[in-house]
Amino acid sequence: MFGHRLVADDPIGVVPTKSECLVGVWSEVSDRVDIAEERHIHGPRLRRAVPSAPMRWSQLFVPTLRDAPNDAVAPSHQLLVRGGFMRQLHAGHYSMLPLGWKVHQKVAQIVREEIDALGGQECLLPTMHPAAIWKESGRWDTMGEIMFRLTDRKGAENALSITHEEIFATVASELSSYKQLPQIWYQIQTKFRDEARPKSGLLRVREFHMKDSYSFDVDAAGLDVAFERHDVAYRRIFERLGVPSIAVQASSGAMGGDSSVEFMTPSDAGEDDVVLCPDCGYSANIEKATSALPSIDDGAAGELEMFDTPGVRTIKALAEFDGGAAADHQLKTLVMILDGTVTLVVVRGDHQLNTQKLADVTGAIDIRPAETEETVAALGAHPGSLGAVNVTDHPIVADLALQGRVNMTTGANIDDKHHRGVSVERDLTVGQWADLREVSAGEACVNCGTALTIVRCIEIGHIFKLGTKYSEAFGVNVSNADGKVVPVQMGSYGIGIGRNMAAAVEANHDDKGILWPMSIAPFHVVITLMRVDDDMLAAGQTIYDELRAAGIDVLLDDRDARAGVKFADSELIGIPLRITLGPRGLKEGNAEYTERASGDTSDVPLSDVAAKAIEHVRAALAS
RNA sequence: CGGGUUGUGGCGCAGCUUGGCAGCGCGCCUCGUUCGGGACGAGGAGGUCGGGAGUUCAAAUCUCCCCAACCCGACCA
């Protein structure tokens, strides 16, 4: 009775040694005697080498599932749930189970090592912030609904951390001299973002760990160095994580600042489109990408003329209409509401507006298409007959591709009537020219003319040159070498830990399960016992001890289960190496050595198998 | 926020049309036989059928309201 309570109540690792227990109690829990003896014999040495408790699958909580939950679609989502790495609490919030947390910590540790290597100093800042600090930068208002806000008992407003530019800037306001610079500070800490639509398991969540680092330099040249160092470190991180990465030009969005680079990994589960030139290497997020357009001969500018177009409501219909015009000779007029202001956005008939580009060039925060009633109120006509000709009471933003175009056709702001002979610069009061159109696959690269491709990607990291936006808001000033007080140049750099864990699965899986890279595998090696008897346990234990002593992360599959179950589980959870001990091989003095990724299997003498695995793991980790 | 789908034991599902004992497969527990690729037999445990209200002698099933999750879109660092 007492013995059973011990098993139920005591977590692995605090089991008393045999000598501390009453004789007889332990006979009821014989497997625990093995653990106790192991700790008794090897405890001190293991404690130094590997601080964690011995890992026996029979004692591990790894709730694997034979079927994926039906609401999981992305491979990483399915496999991380099926493999017992995590469970969902509610939309966008996941509980990390022992296996999942182990991987998460390994990912975080790789990131930590690489940021340390570039001179980063780890900190930990609060996750709850007073509203005042966000009001100081202006982002209390501009961040919108993405920020979780809560009110405390005194009625004071607070925010949960979405990012930490403001908070690090307040810390940095203690900097006073260029002699203290450069500084790079970072943390690996929880972020909360009230995403409109959490999805795909860990790929888009509302609560997650991020490594965010911040650089502080006296001048732009210093910022360039910090940025470049992060660029290099990030590439190394993704390489170590086994996640293929592409660095692309990106929109800075709500971060502000001069320029930013995103790191992307190709995946159907992603949410971003990346424009790539297969020839010269041009790469940009579609929110930023441009392309070269063939020139169009419009002939000589004609006169503005209104004509009847009964029932014509679309670009396509006008192109087919007798007396109409091809789509690339039409103007598409989009009525948008930018921060409450009705704005006409004009692009070529066959082009699509990219709203992020519109946001970037106008600085607008809240952008939405106008409702039909708003459109009619503003222009006097319904969608399908809209145009910007002679409109002066609303701002007009036009795409660069329309500069110099003449003889264009567009809606006349009277239902069932259009204008032809439109000279864009003559007939439209364009307040702002900007690159607004979204690149399509097959268009020519701006650098080399090669046809561009578009690839779906997951954003796995993002680095920003912030400049002085936050240092000016928070008074982060230092004296430079000339004795002049200048605002510090800041950069910020983010990697989502859980998202990279998921991205690693997206990039490394097969029909049987996950193929973890050695660097972040929950265990490097699993020792699979085909039968759980004394001989087998003893043989497994010997190899286990050897691997543990070498610092290898090893799991002993001592479960009383059939071979197929053990094989399938170890393949599902993706342990890179498997040492199988079976009665046949044992009789001959051999173990079976299997690589998860290739499936290659060979017989290895029992006396050599641990050494082979150690060498294998070390080689994999060193690369 | 708009559109769509789905909520029934831990996971996967049937039952709902036509109201009438809450079922199946996997998993779990016990015993036995097995044991190198997700065994077999026997016995067992486990469910306020997402929640509330209503209709009815009777609701998983019909009606109304609400909630949640997922997918597409919008949005997004």
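Scope of the values below: all heavy atoms of this structure, side chains included, with no hydrogens, waters or symmetry mates. In what follows, chains carry the letters A, B, and so on, assigned in the order in which the sequence lines appear, proteins first and then strands, with residues in each chain numbered from 1.
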Between atom CG in A/D71 and atom P in B/rG7, what is the gap in whole Å? 12 Å
Please report, rounded to the nearest Å, how far the C1' atom of B/rC75 is from the CD1 atom of A/I337. 16 Å
Validation row, ring centre A/Y493 to ring centre A/F464 under 6.0 Å: no
Nearest-angstrom distance, C1' atom, B/rG37 to B/rC1: 49 Å
Within this structure, what is the NZ-to-C1' distance between A/K191 and B/rC76, rounded to whole angstrom? 17 Å
How would you label the contact of A/A196 with the nucleic acid (heavy atoms, under 4.0 Å): base, sugar-phosphate, or nothing? base
Hey, is the side chain of A/T355 poking within less than 4.0 Å of OP1 or OP2 on B/rC75, counting only N and O atoms? yes
B/rG38 phosphate, OP1 or OP2, under 4.0 Å from A/R562 side-chain N/O: no
Assign the ring pair A/H129 / A/H164 to parallel, tilted or perpendicular, where the plane angle (0 to 90°) is split at 30° and 60°. perpendicular
Any donor-acceptor N/O pair under 3.5 Å between B/rG38 base and A/E571 side chain: no
Counting the atoms with a prime plus P, OP1 and OP2 as sugar-phosphate, which does A/V73 contact under 4.0 Å by heavy atoms, base, sugar-phosphate, or nothing? sugar-phosphate
Which protein N or O atoms sit under 3.5 Å from an N or O of nucleotides 8-11 of chain B?
unit_1, atom_1, unit_2, atom_2, d
B/rC11, O2', A/D67, O, 3.3

Would you measure the distance from the C1' atom in B/rG46 across to the matching atom in B/rC26 and give it in whole Å? 15 Å
Could you check whether A/Y94 and A/H77, counting side-chain N and O atoms only, form a donor-acceptor pair closer than 3.5 Å? yes
Nucleotide paired to B/rC57 in any strand shown, Watson-Crick or G-U, under 3.5 Å: B/rG20
Separation of A/D511 atom CG from B/rG38 atom C1', in whole Å? 14 Å
Apply the ring pair (Phe, Tyr, Trp, His ring centres under 6.0 Å) test between A/F168 and each candidate in A/F474, A/F216, A/Y214; give the one that qualifies. A/Y214
Return whichever of A/T594 or A/K199 has its heavy-atom-nearest nucleotide of RNA chain B closer to the 5' end. A/T594
Go ahead and name the base partner of B/rC28; Watson-Crick or wobble counts if both distances stay under 3.5 Å, otherwise write none. B/rG44
Interatomic distance where CD belongs to A/E287 and P belongs to B/rA74 [whole Å]: 11 Å
Measuring from the side chain of A/A563 (C-beta onward, heavy atoms only), which nucleotide among B/rC70, B/rG38, B/rG36 has the closest atom? B/rG36
Mind checking the C1' distance from B/rC40 to B/rC35? Whole angstroms is fine. 12 Å
Does the pair A/R139/A/E166 count as a salt bridge with the N-to-O cut at 4.0 Å? yes
Do A/W516 and A/F523 make the cut of ring centroids closer than 6.0 angstrom? no
Is there a Watson-Crick or G-U wobble partner for B/rA69 with both distances under 3.5 Å, and if so, which one is it? B/rU5
I need the CD-P distance between A/E371 and B/rA74, as an integer number of Å. 16 Å
Let me know, please, whether A/Q88 or A/T601 comes out on the 5' side of the other along RNA chain B by nearest nucleotide. A/T601
Which value, in whole Å, describes the distance between the P atoms of nucleotides B/rU55 and B/rC64? 15 Å
Taking A/D350 first and then A/K332, would you say they form a salt bridge - that is, a charged N and a carboxylate O separated by under 4.0 Å? no
Residue matched to B/rA39 through Watson-Crick or wobble contacts both under 3.5 angstrom: B/rU33
CZ of A/R229: more than 12 outside heavy atoms within 6.0 angstrom? no
Ignoring hydrogens and angles, state whether a donor on the side chain of A/D212 or A/Q187 is under 3.5 Å from an acceptor on the partner side chain. yes
Quote, to the nearest angstrom, the P distance that separates B/rC65 from B/rG4. 15 Å
Separation between the P atoms of B/rG44 and B/rC71, rounded to whole Å: 41 Å
Roughly how many Å apart are B/rA69 and B/rC29, using the C1' atom of each and rounding to a whole number? 31 Å
Sugar-phosphate only, base, or nothing, as touched by A/R578 at under 4.0 Å among non-hydrogen atoms: base
Whole Å only: how far is the CD1 atom of A/I527 from the C1' atom of B/rG36? 18 Å
Cut-off 3.5 Å, side chains only: do A/D435 and A/T290 have a donor facing an acceptor? no
Nearest-angstrom distance from the residue atom CD1 of A/I162 to P of B/rC75: 19 Å
On a whole-Å scale, what distance lies between the C1' atoms belonging to B/rG19 and B/rA59? 6 Å
side-chain N/O A/R368 vs B/rG2 OP1/OP2, d < 4.0 Å: no
Look at all strands and tell whether A/T64 reaches a base, only sugar-phosphate, or nothing, counting heavy atoms closer than 4.0 Å. nothing
